[in-house]
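The block underneath contains the structure these notes are about, expressed in structure tokens.
Just so we're on the same page: letters track the sequence lines, and every chain starts at 1.
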Amino acid sequence: MIDIKLLRNDLSKVVANLARRGFSFDSSWYAEQEERRKVLQIRLEDLRRQRNEGSKTVGQIKSGGGDSAGLAAEMERLTRIDHELEVTQNEFRKIEGELEAFYLTLPNLIEASVPDGVDATQNIEIRRVGEPPQFNFQARDHVAIGELLACMDFAEASRIVGARFVVLKGVLAQLQRALINFMMDIHVAEHGYEEVYVPHLVNQDSLIGTGQLPKFEAELFKIDKTADWYLIPTAEVPVTNLARDRIFRIGELPKRWVAHTPCYRSEAGSYGKDLKGMIRQHQFEKVELVTITTPDHSGDALEMLTAHAEAILKKLELPYRVMLLCSGDTGFASTKTYDLEVWLPGQNQYREISSCSNFRDFQARRLHARWRTRSQDKPEWVHTLNGSALAVGRTLAALLENRQDEGGRISIPELLRPYLGDRPHLVADGGHD
RNA sequence: GGAGAGAUGGCUGAGUGGUCGAAAGCGCUCCCCUGCUAAGGGAGUAAGGGUGAUUAAGCCCUUCGAGGGUUCGAAUCCCUCUCUCUCCGCCA
């Protein structure tokens, strides 16, 4: 949620900022509603004040002191006020409910350093790291390699459940598990994150807190059986919600959490995209970094978090580039986002493997997550950030495609080998050479 | 799944219809005293919002798990829900 005071006091600034995203703000509707809200609120509060004062008088009369002659008349007057109060209150609640709902649909403001643009084609490449490998044979994509290794089966998954799932077996199932442990260990031991294990189901409030609801319901899997539970689309939701309703002491910040979870996405609206392979699935594994920080440090925290995600790619010797998303491509809740794109020889292009965002106080307002220096200070909103480090399925695909040889062997990056029994290659049949 | 108890400010905890936004303690802040330290004394200390001159004082409204109800008036009475704890059952 963006700052309502800013909205009330500097509407044109908000409208102009959101226009950078291509978001059109109906400011005349808003101004009208807001004016009505104001009038109703003043009226409502005045009626309440009258009632409170009158009730106090009645109390004084009844408890002995005072003129009991006026009692009946006073109580009658208060009953009339109560009636008017009820009417006014209903009107006020209705309009306030509408405004609340509207606020939840407003995206975050874009940071000044984010370039203007309408879509992904206008994202800015910040840097490139590593060289795409040169093959003297036709590079296979990960689907073909998976087939060759006989360890990746989409047909089986579709019999079990349907399209956009995969079954991994043998060396590839092990590779995925190795990657998860590898990433977690680095973030904990080298980058100083606290490992957390969290629920994979969350309620509506949590999803509103991080911004997936109410706008993006279509992208979520909802559990039919219970009132308001959803499968998590990312660990961002349960992990960031650890900060909900909390007031952090200054010494506790920054909080840096890392979690591995499966992620479930309906992928509504992506029909026809990435139909083949592990790039876009209903279920995938991800290691997620979350940072809770004071406002003055969130800018640096974004650079740091991005560097931590990059560290994984470097250690895995995967070529990638860092993209600064333009205003039109930046996500709903984010003020600034870096995407990491890994080179996929099978597709002959860079593809997103991580997305690192600074939400500033947008999620904090929805979550009611605050901090303060001393117990008598006024609490302020924290800033929240998160980033994938990394999407595991895509990392697995990238390793297969970048590190294949003509015979279909996959060389294992040096630093990953301890997680795979120190073998230097993956080969078919689950064996090693 | 069954039975019972509970949910109050940063924390512990009192409060069963009116002067309670809430005793007391802890914590924290400031001041005084004590030549250090320890101890002692005093004052202050919930959040959100409206109005005000957009960041003042003042005035006002809301909030005692959430939602509804009774009443002139609800932390307090009634209903529904959520969560926590204890015991029993079941279970990885």
Task: Atom P, compared across rG73(B) and rC11(B): separation rounded to whole Å - done: 32 Å
Task: Nearest-Å distance once atom C1' is located in both rG9(B) and rG18(B) - done: 23 Å
Task: Nearest-angstrom distance, C1' atom, rU45(B) to rU37(B) - done: 28 Å
Task: From I292(A) atom CD1 to L367(A) atom CG, the distance as rounded to the nearest 0.5 Å - done: 8.0 Å
TODO: For nucleotides rU86(B) and rA43(B), find the distance between their P atoms and express it as a whole number of Å.
DONE: 41 Å
Task: Nearest-angstrom distance, P atom, rC20(B) to rC26(B) - done: 23 Å
- [ ] For nucleotides rU62(B) and rG21(B), find the distance between their P atoms and express it as a whole number of Å.
- [x] 10 Å
Open item on the list: Could you check whether R77(A) pairs with E74(A) (Lys NZ or Arg NE/NH1/NH2 to Asp/Glu carboxylate O, under 4.0 Å)?
Closed with: yes
Open item on the list: Looking at R21(A) and T330(A), would you say the former's side chain and the latter's main chain have a donor-acceptor pair under 3.5 Å?
Closed with: yes
Task: Under-4.0 Å salt bridge between E45(A) and R49(A) - done: no
Open item on the list: Strictly below 4.0 Å: does R51(A) bring a side-chain N or O up to OP1 or OP2 of rU62(B)?
Closed with: yes
- [ ] Answer with yes or no whether Q41(A) presents, from its side chain, a donor or acceptor under 3.5 Å of a partner atom in the base of rG49(B).
- [x] no
